[in-house]
Amino acid sequence: MTTKTSLLKVILLGDGGVGKSSLMNRYVTNKFDAHLFHTIGVEFLNKELEVDGHQVTLQIWDTAGQERFRSLRTPFYRGSDCCLLTFSVDDSQSFLNLGNWKKEFIYYADVKEPEKFPFVVLGNKLDVTERQVSTEEAQQWCQENGDYPYYETSAKDATNVAVAFEEAVRRVLALDERTDHLIPTDTVKLHRKPRSAATCCS
Ligand SMILES: Nc1nc2c(ncn2[C@@H]2O[C@H](COP(=O)(O)OP(=O)(O)OP(=O)(O)O)[C@@H](O)[C@H]2O)c(=O)[nH]1
């Protein structure tokens, strides 16, 4: 019997500097770089995992948060199975911008039923001492905007990073059986390259 693996595309969106690349790198390579450059365009990494008995190849797309790279990132929104809306708990503006990121995603990904789409919200840089966004206000935003799961993460010390990505997978798997994503595992090695050649650098 051939084991089946679901190929899921998850995209990280949020303001420049909130830690999207760091979250992806922490999750996939378990490393943290305190001196990352801004992402230009989009890049992705794959991670294989098992969630509740399902084999999954998670394709994590990391996008450039800076406005000047908007046209380089939006073409990659389509086909996303889940969107991780990310802000930094020490940057209130990045929190205020969550709604804009959601709108941008829905528009460019051409989401037909936005109220059903699985968004997960990440409040990153939990390790910092000077917060500008409280847990309560972030939870409230999530509740009022679609009852989204909310995770406070630290890419620096790895707090909640894996559980947040796993929750994203659970949300997608819960939607349907993902039959359109089921591919034999022996074809999945196509996606095992550490970095996509089609991506730009950070
Ligand atoms: N203290 C702390 N710093 C972090 C954390 N995550 C990221 N950083 C730092 O924040 C800076 C920006 O991180 P990036 O991962 O490049 O942010 P980004 O959201 O990908 O930025 P863009 O590529 O411009 O969209 C870097 O100096 C990181 O080292 C964290 O959890 N805690």
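In this text, all values refer to a predicted model and were calculated from it rather than measured experimentally. Numbering of ligands and ligand atoms starts at 1, following listing order.
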Worksheet entry | Under 3.5 Å side-chain donor-acceptor pair for K103 and Y108 | no
Worksheet item: What atoms in ligand 1 come closer than 4.0 Å to a heavy atom of G65?
Response: 22 (P), 25 (O)
Item to complete: Going by heavy-atom distance to atom 20 (O) of ligand 1, choose the closest among G17, A155, S21.
Response: S21
Worksheet item: Under 3.5 Å, is there a donor-acceptor pair linking the side chains of S94 and N97?
Response: no
Item to complete: Taking side-chain contact (heavy atoms from CB on, under 4.5 Å) as the test, write out the residues that go with E113, two or more places apart.
Response: E115, K116
Practice prompt. Say whether Q140 and E144, considering side chains only, have a donor N or O and an acceptor N or O under 3.5 Å apart.
Written response: yes
Worksheet item: Which bit of S88 is near ligand 1, meaning a heavy atom under 4.0 Å away: side chain, backbone, both or neither?
Response: neither
Worksheet item: Do the rings of W61 and F76 sit parallel, tilted or perpendicular, given the 30° and 60° boundaries?
Response: tilted
Discussion item. Below a 4.0 angstrom heavy-atom separation, can you tell me which part of N25, side chain or backbone, both or neither, approaches ligand 1?
Written reply: neither
Fill in: Region of D127 that comes within reach of ligand 1 [heavy atoms, distance under 4.0 Å]
side chain
Discussion item. Measuring only between side-chain heavy atoms, which start at C-beta, is V120 closer than 4.5 Å to C82?
Written reply: yes
Worksheet item: If you count the atoms of ligand 1 from 1 in the order shown, which ones are under 4.0 Å from a heavy atom of L36?
Response: 15 (O), 16 (O)
Fill in: Of the listed options R26, H38, H35, closest to atom 22 (P) of ligand 1 (non-hydrogen atoms)
H38
Item to complete: Consider every N or O of A34 and every N or O of ligand 1, then say whether any pair is closer than 3.5 Å.
Response: yes
Fill in: Ligand-residue contact atoms, ligand 1 with D33, heavy atoms, under 4.0 Å
28 (C), 29 (O)
Item to complete: Please state whether F69 comes within less than 4.0 angstrom of ligand 1, counting heavy atoms only.
Response: no
Discussion item. Between Y107 and Y77, is the ring centroid distance below 6.0 Å?
Written reply: no
Fill in: ligand 1 atoms in contact with K20 (distance to a heavy atom under 4.0 Å)
15 (O), 17 (O), 18 (P), 19 (O), 20 (O), 21 (O), 22 (P), 25 (O)
Worksheet entry | Between S92 and Q132: side-chain donor-acceptor atoms closer than 3.5 Å | yes
Discussion item. Give the atom numbers and elements of ligand 1 that come within less than 4.0 Å of a heavy atom of T63.
Written reply: 25 (O)
Worksheet, complete the sentence: Any heavy atom of N124 under 4.0 Å from ligand 1? The part involved is side chain
Worksheet entry | Atoms in ligand 1 with a heavy atom of D15 nearer than 4.0 Å | 19 (O)
Practice prompt. Could you name each residue pair satisfying ring pair (Phe, Tyr, Trp, His ring centres under 6.0 Å) that touches residues 150-170, not counting sequence neighbours?
Written response: Y27-F165
Practice prompt. May I ask whether G14 places a heavy atom under 4.0 Å from ligand 1?
Written response: no
Practice prompt. Give a yes or no on whether L122 and V10 share a hydrophobic cluster (residues Ile, Leu, Val, Met, Phe, Trp, Tyr; joining criterion: side-chain heavy atoms under 4.5 Å apart).
Written response: yes
Worksheet item: Any idea which atoms of ligand 1 are less than 4.0 Å away from a heavy-atom of S22?
Response: 6 (N), 7 (C), 13 (O), 14 (P), 15 (O), 28 (C)
